[in-house]
Structures are given as C-alpha cells and as structure tokens.
Amino acid sequence: MPYQFGSQNLVPKFQINPRLGVTQAPRLSISSCGEGEVLFFVHGWPDDASVWRAQVDRLKDKYQCKCVTMPHFGGRESAIALQHRPQGYSFEEMAEILADNIRRDCGTSPVTLVLHDWGCVWGFMLQTRHPDLVKRIVALDVGLPSCMSGFEKVSVALLTYQFWPLTAYFLLRVSARLGSPFRRWGQAVADWMIRAFTKFIGYGSKRITADASYPYVHFLTGLGFREPKLTAGAVLPSCPCLFMYGKRKPYMFHSAAWERHLRSRSDCEVIPVNAGHWLQVQKAELVNHAIETWLEKKDMGAAPHMCQDSRFQATSCIFLRAYMPWI
C-alpha cells in the first residue's frame with residue numbers, strides 16, 4: 001500500500017525528530033489584516049510575509065488576511081527570539097508547525113491557504129496531514145512533483161541556483177560546529193552569499209540569512225530518502241485548488257501530468273501567466289483578480305483524488321548524505 005502523507009498515526013503530536021529535541025511546535029510571526037474568512041498566506045525562499053503586500057491590499061476588505069513569516073526567514077534575531085531551531089525544520093515538521101499555529105491563531109473554521117514556492121510544498125503536506133484545517137488552496141508556481149520529477153531537472157536546478165543556497169547553508173553549519181572564530185567568519189560569508197544572490201535575482205527579504213536555506217537541504221537529502229516520498233500515494237491536494245504558474249522560466253516547478261490531473265477535476269482551475277516565478281509581484285493585478293474571482297465561486301466540494309502513476313514518484317538525490325552529520 002502506498003504511503004499516505006495524510007496518515008495521522010505517522011508521528012506523535014509534534015515530536016517529529018527526537019534526535020534534535022523537538023517536542024512542541026514553535027510559534028511563528030503572523031501579521032493579520034481585515035475581517036471575515038481567513039486567508040493564510042505562506043511564502044517561500046528567499047521571501048518573508050511582505051511578498052504578499054499586493055494581495056493583502058486587494059483582499060483585506062473581504063477577507064481576514066494572515067501572513068506568516070516562516071522560521072529563519074525573518075532574520076536571525078527574530079529566530080532567536082522565537083526559539084527557532086538553528087538547523088531549520090523538515091517538511092513534516094513544517095506541516096505540523098503550520099497546523100499548530102493555525103489552530104492557535106485562526107479559530108476552528110478551516111482556512112484558505114495561499115501559497116508560493118516552498119510554501120506550496122509545506123501547504124500541500126499540511127492539507128493532507130490535517131484536512132480539517134484547510135478549506136481550499138491557492139498555489140502559485142510550484143506544484144507536485146515539482147522539480148522532483150526527474151534527475152535531469154534536479155541536476156539543472158542544482159547547477160542554476162540551488163547549489164548557491166546549499167553551499168551557504170553548509171558553510172554556516174560547518175563553521176558553527178568548528179566554533180569561534182570560524183563561526184563568526186562562516187556566518188558572515190554565508191549571509192553575504194545569500195544576500196548577494198537575492199540582490200542578483202531582484203527578490204527576497206532584506207532580513208534573509210543563510211539559515212533560511214534549510215528547505216533545499218531537506219528536499220535533496222530527505223524527500224524520497226530519509227523521509228517518506230512526498231509524492232507517494234495521494235496526488236496533492238485533495239481539496240479545491242487554484243493553481244497559477246509563470247510561463248517565463250527556464251523550467252517548470254510542476255509536472256505536465258500533475259497539471260493535466262488538476263485540469264481534469266471540476267473543483268480545480270489552472271491558469272498560466274505570462275510572468276516569471278514571482279507572478280504575484282510581476283503580474284499582481286492579474287493574479288489578484290484571478291484569486292478574488294475563484295474565491296467567490298460557490299459549491300466547490302471535493303473528494304480525495306488518488307493516483308498510482310510512477311511519474312509522481314520523487315527522485316532521490318542522496319549524494320549529500322555524507323554531509324548531514326555536519327548540519
């Protein structure tokens with residue numbers, strides 16, 4: 001029987017990684033604006049909650065917009081204040097962290113997730129593990145199985161940009177293990193690498209540090225290897241979904257098969273946009289109108305959809321395993 005990420009008995013309540021001493025979900029920094037049904041915005045790398053500014057300005061009159069800044073994406077001082085673990089968190093842990101914070105801050109009614117980049121992966125996993133918390137999903141630019149659908153795509157991603165945040169993260173963690181003064185030097189160089197990269201691409205939080213690169217490490221060393229495959233079992237998500245993606249990119253962060261699957265469902269909609277990865281910024285008016293129109297649609301009930309297609313299986317990239325003791 002294929003693994004189901006929706007399985008509730010996979011792990012006890014948030015004791016996801018006893019080796020690292022995680023026993024309870026940490027608090028997240030969440031800003032709130034407006035009243036009504038909750039839209040819960042989850043960003044990706046290298047952004048923070050401010051990436052949703054245009055969407056919040058448009059939707060706050062009709063909805064309660066809650067924008068989360070994920071662990072380590074709000075700067076090192078914020079991470080220390082909120083007691084976020086220096087090594088970051090796995091995808092399973094992030095799903096549980098989001099679930100716990102939604103329960104604390106959003107009441108008992110299910111929320112609508114608005115996701116981008118790594119936020120899509122975290123949000124999809126949250127929905128399958130805790131379907132009672134999620135009413136529907138708006139996913140921007142990243143679907144499943146994302147760039148996990150083949151070794152060639154993983155290789156291209158590594159060569160084009162993922163190698164940079166991965167290198168910065170490993171430099172940060174190795175220097176931390178070596179102690180002072182290597183810790184201070186390594187931190188300075190690693191942070192410079194990340195901020196130089198965000199300046200080069202023209203996007204990202206000004207508070208970003210190398211600590212926030214942990215999703216790439218867990219993606220390459222965890223999914224399909226140490227942890228259950230993200231794409232095994234159910235095709236995510238099982239709730240209504242609006243998927244919008246930018247067409248002007250070197251490669252897509254979703255598979256054609258997954259897109260066809262969404263298009264075949266009456267509760268889902270797929271909209272290509274003539275933009276890059278940050279379509280909510282580059283084409284804010286178009287994206288805002290599409291989200292607002294889709295949210296206003298009625299009667300979007302959905303049943304879980306299953307698929308055993310081997311094309312949805314993750315490709316492991318295990319060559320980084322040797323480095324894991326240093327993280």
Side-chain angles (χ1 to χ4, degrees), residues 2-6 42 44-45 91 113-128 134 136-162 215-216 219-220 222-225 228-280 282-283 286-287 290-291 293-294 297 300 302-317:
Y3 175 81
Q4 301 284 335
F5 261 104
V42 185
W45 190 91
F91 290 93
L113 296 178
V114 186
L115 315 168
H116 178 244
D117 194 72
W118 287 119
C120 294
V121 182
W122 294 323
F124 291 155
M125 188 174 291
L126 163 67
Q127 191 271 323
T128 52
V134 181
R136 52 196 173 184
I137 288 177
V138 176
L140 301 183
D141 211 57
V142 172
L144 289 174
S146 186
C147 60
M148 296 177 284
S149 56
F151 180 76
E152 291 182 1
K153 290 186 177 180
V154 172
S155 301
V156 171
L158 278 170
L159 291 173
T160 52
Y161 82 97
Q162 290 186 7
Y216 294 100
F219 169 65
L220 290 175
L223 297 176
F225 177 59
K229 294 180 180 180
L230 178 62
T231 52
V235 175
L236 310 180
S238 60
C239 65
C241 179
L242 168 63
F243 178 55
M244 305 179 69
Y245 66 92
K247 298 187 293 183
R248 292 191 283 109
K249 304 193 300 289
Y251 43 83
M252 295 295 150
F253 293 107
H254 70 282
S255 71
W258 188 77
E259 180 179 341
R260 288 195 298 270
H261 174 79
L262 286 189
R263 290 183 182 277
S264 71
R265 291 170 48 177
S266 60
D267 61 325
C268 297
E269 187 173 351
V270 178
I271 303 177
V273 179
N274 188 26
H277 182 55
W278 281 270
L279 59 159
Q280 75 270 42
Q282 298 165 352
K283 297 289 184 179
L286 188 155
V287 170
I291 293 175
T293 301
W294 188 78
K297 291 182 179 179
M300 294 193 301
H305 290 256
M306 304 296 295
C307 180
Q308 308 305 329
D309 194 326
S310 61
R311 288 171 294 182
F312 291 106
Q313 298 301 306
T315 299
S316 300
C317 193

To the nearest 0.5 angstrom, please state how far the NZ atom of K247 sits from the CG atom of L279. 12.0 Å
Step by step, would you call D141 with K249 a side chain to side chain contact (heavy atoms under 4.5 Å, CB included)? CA-CA 10 Å; D141 211 57; K249 304 193 300 289; 3.0 Å; yes
To the nearest 0.5 angstrom, please state how far the CG atom of L115 sits from the CG atom of L140. 7.5 Å
Say whether, by atom type as modelled, one donor and one acceptor occur between the side chain of H116 and the main chain of H277 under 3.5 angstrom. yes
Using the six-membered ring wherever Trp is involved, compare the ring planes of H254 and Y245 and label them parallel, tilted or perpendicular (cut-offs 30° and 60°). tilted
When rounded to the nearest 0.5 Å, the distance separating CG of D267 from SG of C239 is 8.0 Å
Ring geometry between W118 and Y216 (parallel below 30°, tilted from 30 to 60°, perpendicular above 60°): perpendicular
Within the distance-only criterion (no hydrogens, no angle test), does the side chain of T293 pair as donor or acceptor with the backbone N or O of A290 below 3.5 angstrom? no
Spatial distance of atom CD (Q162) from atom CH2 (W45) [nearest 0.5 Å]: 9.5 Å
Nearest atoms (heavy-atom pairs only) where L242 meets I291: CD2-CA, 4.0 Å
Heavy-atom closest pair (W258 atom, P237 atom, distance to 0.1 Å) is CZ2-CD, 4.0 Å
For the pair M252 and E259, evaluate side chain to side chain contact (heavy atoms under 4.5 Å, CB included) and give the outcome as yes or no after the intermediate values. CA-CA 11 Å; M252 295 295 150; E259 180 179 341; over 6 Å; no
For W122 and F124: C-alpha separation, side-chain torsions, deciding distance, then whether side chain to side chain contact (heavy atoms under 4.5 Å, CB included) applies. CA-CA 6 Å; W122 294 323; F124 291 155; over 6 Å; no
Report the distance from atom CE of M244 to atom NZ of K283, rounding to the nearest 0.5 Å. 11.5 Å
Would you confirm whether Q282, through its side chain, and G276, through its main-chain N or O, come within 3.5 Å as a donor-acceptor pair? yes
